[in-house]
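Presented below is the structure to which this report refers.
All heavy atoms count here, side chains included; hydrogens, waters and symmetry mates do not.
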Amino acid sequence: MKRIRVILVLFAIGFLAFLTGCKNLCTTSEVSETSEIIDLNHGKSAPLSFVFDFEKGACYNHPLMAVWAEDANGKYIETFFVSQSIGKGVFNKVTGGGEKWLPGPARRPAALPYWAHKRGVVESDGLYIPTPETAMSDAISGATPENNFRLIATPVIPNFPRIFHLLLEINQSWDWNNYWTNSKYSDEPEYKTSSQPSVVYSVFINMDNATVKYYLNPIGHGHYSGKTGELFTDLSTLTTALKIAKRITVTVRK
């Protein structure tokens with residue numbers, strides 16, 4: 001009996017250590033950091049541009065993200081920015097070389113499934129994300145910023161609508177919680193690359209109004225393994241995933 005109690009105590013200690021490890025993705029620091037600038041206009045003036053200001057939250061730790069526009073009916077218009085790991089189909093740490101992780105091609109359909117399905121480009125393997133052979137342009141794909149950042153983007157398509165939605169989807173690997181555990185979908189390998197599913201932020205913009213600055217708010221999450229482009233509006237099971245971003249605003253310059 002004494003031996004059983006010892007085993008239970010050791011199990012409890014190990015479990016607490018696991019939870020603590022999960023929480024290490026987050027920090028209690030509230031120190032504001034200088035924003036990185038991602039100027040997709042390269043300093044050029046434009047008749048219409050969007051300035052996204054992203055303030056990272058306490059649980060920001062090298063997430064993947066995409067920023068895009070949809071019309072008033074939710075139809076995809078264009079992508080302004082996507083993390084290069086998704087946009088190029090190549091991750092910095094994929095293949096093991098001895099004790100080292102090396103860059104290599106990888107597909108992560110669970111990372112940003114809402115954006116991917118909205119974009120609607122199906123590759124030869126049936127996935128909705130680019131391959132190294134069909135990589136997205138350098139003009140809209142880049143490394144995920146390490147700090148707060150400002151993204152300056154200009155629509156490419158002509159006759160951009162005056163009423164539209166701007167969206168941002170964000171996801172962070174290994175971000176488990178008590179609901180989204182690493183054993184929840186044991187038969188879904190893509191789920192394990194996502195943990196808590198992606199969070200989708202959105203704002204509705206009518207350029208006929210006087211408002212210039214808008215706030216993006218969470219409207220739902222993506223599919224846990226990326227099988228569909230469904231938006232799940234119940235966010236009650238998400239915890240640290242909602243703390244990756246602290247505040248996201250966009251200013252319309254016209």
Side-chain angles (χ1 to χ4, degrees), residues 35-57 60 63-83 86-87 112-121 128 136-137 139-142 145 148-171 197-223 228-236 238 241-254:
S35 292
E36 297 181 27
I37 305 296
I38 306 174
D39 187 357
L40 302 180
N41 296 346
H42 303 290
K44 299 178 182 178
S45 60
L48 173 64
S49 61
F50 306 119
V51 180
F52 294 86
D53 284 302
F54 184 103
E55 185 176 349
K56 67 181 186 179
Y60 185 97
L64 299 171
M65 65 183 73
V67 181
W68 75 101
E70 298 177 1
D71 68 17
N73 297 315
K75 182 180 179 181
Y76 172 87
I77 299 176
E78 67 176 280
T79 295
F80 298 121
F81 178 81
V82 62
S83 295
I86 297 297
L112 305 172
Y114 191 64
W115 162 79
H117 282 80
K118 282 283 188 173
R119 178 171 169 261
V121 178
Y128 284 74
M136 300 184 71
S137 167
I140 60 173
S141 61
N148 302 335
F149 65 89
R150 167 169 285 188
L151 173 69
I152 305 171
T154 295
V156 174
I157 68 164
N159 302 317
F160 196 86
R162 298 190 64 79
I163 300 175
F164 54 93
H165 298 268
L166 292 177
L167 300 97
L168 181 146
E169 184 173 19
I170 193 165
N171 196 354
S198 63
V199 183
V200 180
Y201 291 77
S202 178
V203 65
F204 178 77
I205 293 178
N206 183 343
M207 289 196 294
D208 293 328
N209 294 337
T211 305
V212 175
K213 186 174 184 179
Y214 300 82
Y215 290 82
L216 280 76
N217 294 302
I219 60 170
H221 68 76
H223 190 275
T228 74
E230 185 177 355
L231 181 70
F232 300 84
T233 57
D234 181 6
L235 296 171
S236 62
L238 302 187
L242 294 172
K243 297 180 181 180
I244 301 172
K246 182 177 182 180
R247 184 179 297 110
I248 310 171
T249 63
V250 61
T251 302
V252 179
R253 293 178 178 175
K254 52 183 177 177

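For F54 and Y60, the ring centers are positioned less than 6.0 Å apart.
Looking at heavy atoms from C-beta onward, I140 lies out of side-chain contact with V156 at the 4.5 angstrom threshold. Two residues are said to be in side-chain contact when any heavy atoms from C-beta on lie closer than 4.5 Å; E169 and K118 fail this criterion. In this structure the side chain of S83 never reaches within 4.5 angstrom of the side chain of L112, judged on heavy atoms. With contacts defined as side-chain heavy-atom distances shorter than 4.5 Å, the pair L216/L167 does not qualify. Residues F81 and M65 have side chains in contact (heavy-atom distance under 4.5 Å, counting atoms from C-beta outward). Counting heavy atoms from C-beta outward, W115 and V82 have side chains that approach closer than 4.5 Å. By the 4.5 Å heavy-atom criterion applied to side chains, L238 and P197 are counted as neighbours. Between Y214 and L166, the closest side-chain pair of non-hydrogen atoms is not below 4.5 Å.
Between Y76 and E70 the shortest heavy-atom distance is CA-CG, 4.1 Å. Smallest separation of non-hydrogen atoms from H165 and A72: NE2-O, 3.6 Å. Taking both residues in full, the closest heavy atoms of P218 and L235 are given as CB-CD1, 3.9 Å, listed atom of the first, atom of the second, then distance. When all heavy atoms are compared, the tightest approach of K254 to N209 is NZ-O, 4.2 Å. Here the shortest heavy-atom pairing between F80 and A69 reads CE1-CB, 3.7 Å. Taking each heavy atom of G229 and Y114 in turn, the nearest pair found is O-CD1, 3.2 Å.
Using modelled atom types, no side-chain atom of K56 and backbone atom of F149 make a donor-acceptor pair closer than 3.5 Å. Counting only distance, with no hydrogens or angles, the side chain of N206 and the backbone of I163 share no donor-acceptor pair below 3.5 Å. Without hydrogens or angle criteria, R162 side chain to M207 main chain gives a donor-acceptor distance under 3.5 Å. Judged by distance alone, the side chain of N41 and the main-chain N or O of T154 form a donor-acceptor pair under 3.5 Å.
Between I219 atom CD1 and Y201 atom OH the span is 11.0 Å, to the nearest 0.5 Å. Note that CG of D53 and CG of N148 are 9.0 Å apart. Values are rounded to the nearest 0.5 Å. For the atom pair OH of Y215 and CD1 of I248, the computed distance is 12.5 Å after rounding to the nearest 0.5 Å.
Classification of the F50-F164 ring pair by plane angle, with boundaries at 30° and 60°, yields tilted.
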For this session: Just do the side chain to side chain contact (heavy atoms under 4.5 Å, CB included) check on V252 and L48 with the steps written out, would you?
Result: CA-CA 7 Å; V252 179; L48 173 64; 3.8 Å; yes

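For Y128, the OH atom sits in a loose shell: 12 or fewer heavy atoms of surrounding residues, nucleotides or ligands are nearer than 6.0 Å.
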